[in-house]
Amino acid sequence: MTAQPPEPSPRPVPSGELRASHDDREAVVEQLRDAAAEGRIDLDELDSRLEQALKSKTYAELAVLTADLPRLDSSESRPPLVLKGGMYGASRGPGRWEVPGYVIAHGGLGGVKLDFTRAECRLTEVAVEAYGETSGVTIVIPDGWAADTSGMDPGIGGLRDKTTPDRLPGTPLIRLTGSGGMAGVAIRHPNRWERRKLDGNPTRG
């Protein structure tokens, strides 16, 4: 029996030839609009580039459209947001705020509340390191966001995860680590009172 020659391995696809997603095209569209607002490109150029962006199928085609523009400040490269409960507590949200790639929360004596319900997040994943300590940490994420709490040490206070696994496409994953400490860490979606407040002030920052 004649041995069959091994089949050649598939050629790896260069990164520039990979297919772009709707989110990739939207990110370029947003960058082009910002560039026009800053006066970097005129309106005719903007229209032309927007048309090309919406028709682009690969990363390489999209990259050409922004090659002569400054790179945007990436949320991933920003320093971590550090919240310390201290004596009187600390919070971030529910007003609008831009989410960095890493958040550290120390409950301290006053506790910490981290509310993502109106946050602007361009990341697919956010690392949150939470330490419940004496008064605990509460994290609120919008419906459609999901959380991975497998790296969390519940400590004495425990971990209360009331989030649902139903993650909508394009929404961030909150990857939670740290320790529950004495008071514990809770992560959940908005409660009834918070939902009522959100519905009553849909655009308030």
Side-chain angles (χ1 to χ4, degrees), residues 18-30 59 72-85 89-107 111-133 135-181 183-205:
L18 292 174
R19 291 282 177 155
S21 68
H22 291 305
D23 288 343
D24 296 325
R25 284 185 281 271
E26 274 302 313
V28 171
V29 165
E30 185 174 345
Y59 285 126
L72 296 177
D73 178 27
S74 171
S75 299
E76 292 179 325
S77 66
R78 293 181 179 177
L81 168 65
V82 180
L83 296 173
K84 295 183 178 181
S91 65
R92 179 58 59 96
R96 294 199 178 279
W97 57 286
E98 190 156 355
V99 180
Y102 208 96
V103 181
I104 303 172
H106 292 272
V112 166
K113 184 174 183 180
L114 188 60
D115 192 333
F116 290 92
T117 52
R118 292 193 184 281
E120 296 179 8
C121 186
R122 303 179 183 182
L123 305 171
T124 57
E125 189 172 302
V126 178
V128 177
E129 191 175 332
Y131 299 93
E133 298 177 348
S135 292
V137 174
T138 298
I139 303 164
V140 183
I141 64 174
D143 296 324
W145 291 27
D148 176 4
T149 60
S150 60
M152 187 75 187
D153 174 9
I156 296 175
L159 167 67
R160 295 178 294 281
D161 182 0
K162 295 184 178 181
T163 61
T164 63
D166 303 324
R167 183 182 178 190
L168 294 176
T171 60
L173 173 70
I174 302 297
R175 195 171 296 280
L176 185 61
T177 59
S179 172
V185 172
I187 183 165
R188 57 177 174 78
H189 299 295
N191 58 31
R192 184 179 302 175
W193 181 84
E194 290 163 337
R195 290 180 193 280
R196 187 179 301 132
K197 192 172 181 181
L198 286 168
D199 292 340
N201 299 282
T203 59
R204 184 173 179 179

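Sequential numbering from 1 along the given sequence is applied to the chain's residues.
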Legend entry - Which residues share a side chain to side chain donor-acceptor pair (under 3.5 Å) with Thr149, sequence neighbours left out: Asp161
Legend entry - Between CD1 on residue Ile139 and CG on residue Leu176, distance to nearest 0.5 Å: 4.5 Å
Inset, instruction - Starting at CH2 of Trp145, measure out to CG of Leu168 and round the result to the nearest 0.5 Å. - result: 11.5 Å
Inset, instruction - For residues Gly157 and Arg160, report the shortest heavy-atom separation together with the two atoms involved. - result: O-NH1, 3.6 Å
Inset, instruction - Would you confirm whether Glu194, through its side chain, and Asn191, through its main-chain N or O, come within 3.5 Å as a donor-acceptor pair? - result: yes
Legend entry - Considering all heavy atoms, the nearest Ser179-Gly155 contact: OG-CA, 4.3 Å
Inset, instruction - Please identify each residue that fulfils salt bridge (Lys or Arg N to Asp or Glu O under 4.0 Å) with Glu26, with sequence neighbours left out. - result: none
Legend entry - Between CG on residue Asp143 and OG1 on residue Thr164, distance to nearest 0.5 Å: 7.0 Å
Legend entry - Those residues that, when tested against Ser135, pass side chain to side chain donor-acceptor pair (under 3.5 Å) (two or more places apart): none
Inset, instruction - Measure across Val126 and Cys121 and return the closest heavy-atom pair with its distance rounded to 0.1 Å. - result: CG2-SG, 3.7 Å
Legend entry - Which atom of Pro79 lies closest to which atom of Pro100, heavy atoms considered: O-CB, 3.9 Å
Legend entry - Arg167/Asp148 salt bridge by N-O under 4.0 Å criterion: no
Legend entry - Considering all heavy atoms, the nearest Ala119-Val99 contact: CB-CG2, 3.5 Å
Legend entry - Nearest-0.5 Å distance, CZ of residue Arg188 to OG1 of residue Thr138: 6.0 Å
Legend entry - Residues which pass side chain to side chain donor-acceptor pair (under 3.5 Å) with Asp115, listed by chain and number, not counting sequence neighbours: Thr117
Legend entry - From Leu81 atom CG to Glu98 atom CD, the distance as rounded to the nearest 0.5 Å: 12.0 Å
Inset, instruction - Quick one: list whatever passes ring-ring contact (aromatic ring centres under 6.0 Å, His included) with His106, sequence neighbours left out. - result: Tyr131
Legend entry - Residues forming a salt bridge (Lys or Arg N to Asp or Glu O under 4.0 Å) with Arg25, sequence neighbours excluded: none
Legend entry - Exercise: identify the closest heavy-atom pair between Gly132 and Ala183: O-CB, 4.3 Å
Legend entry - Flag side-chain contact, heavy atom, 4.5 Å: Val112 against Arg92: no
Legend entry - Distance (rounded to the nearest 0.5 Å) between Ile141 CD1 and Thr171 OG1: 8.5 Å
Inset, instruction - Report yes if some heavy atom in the side chain of Val140 is under 4.5 Å from a heavy atom in the side chain of Pro190; otherwise report no. - result: yes
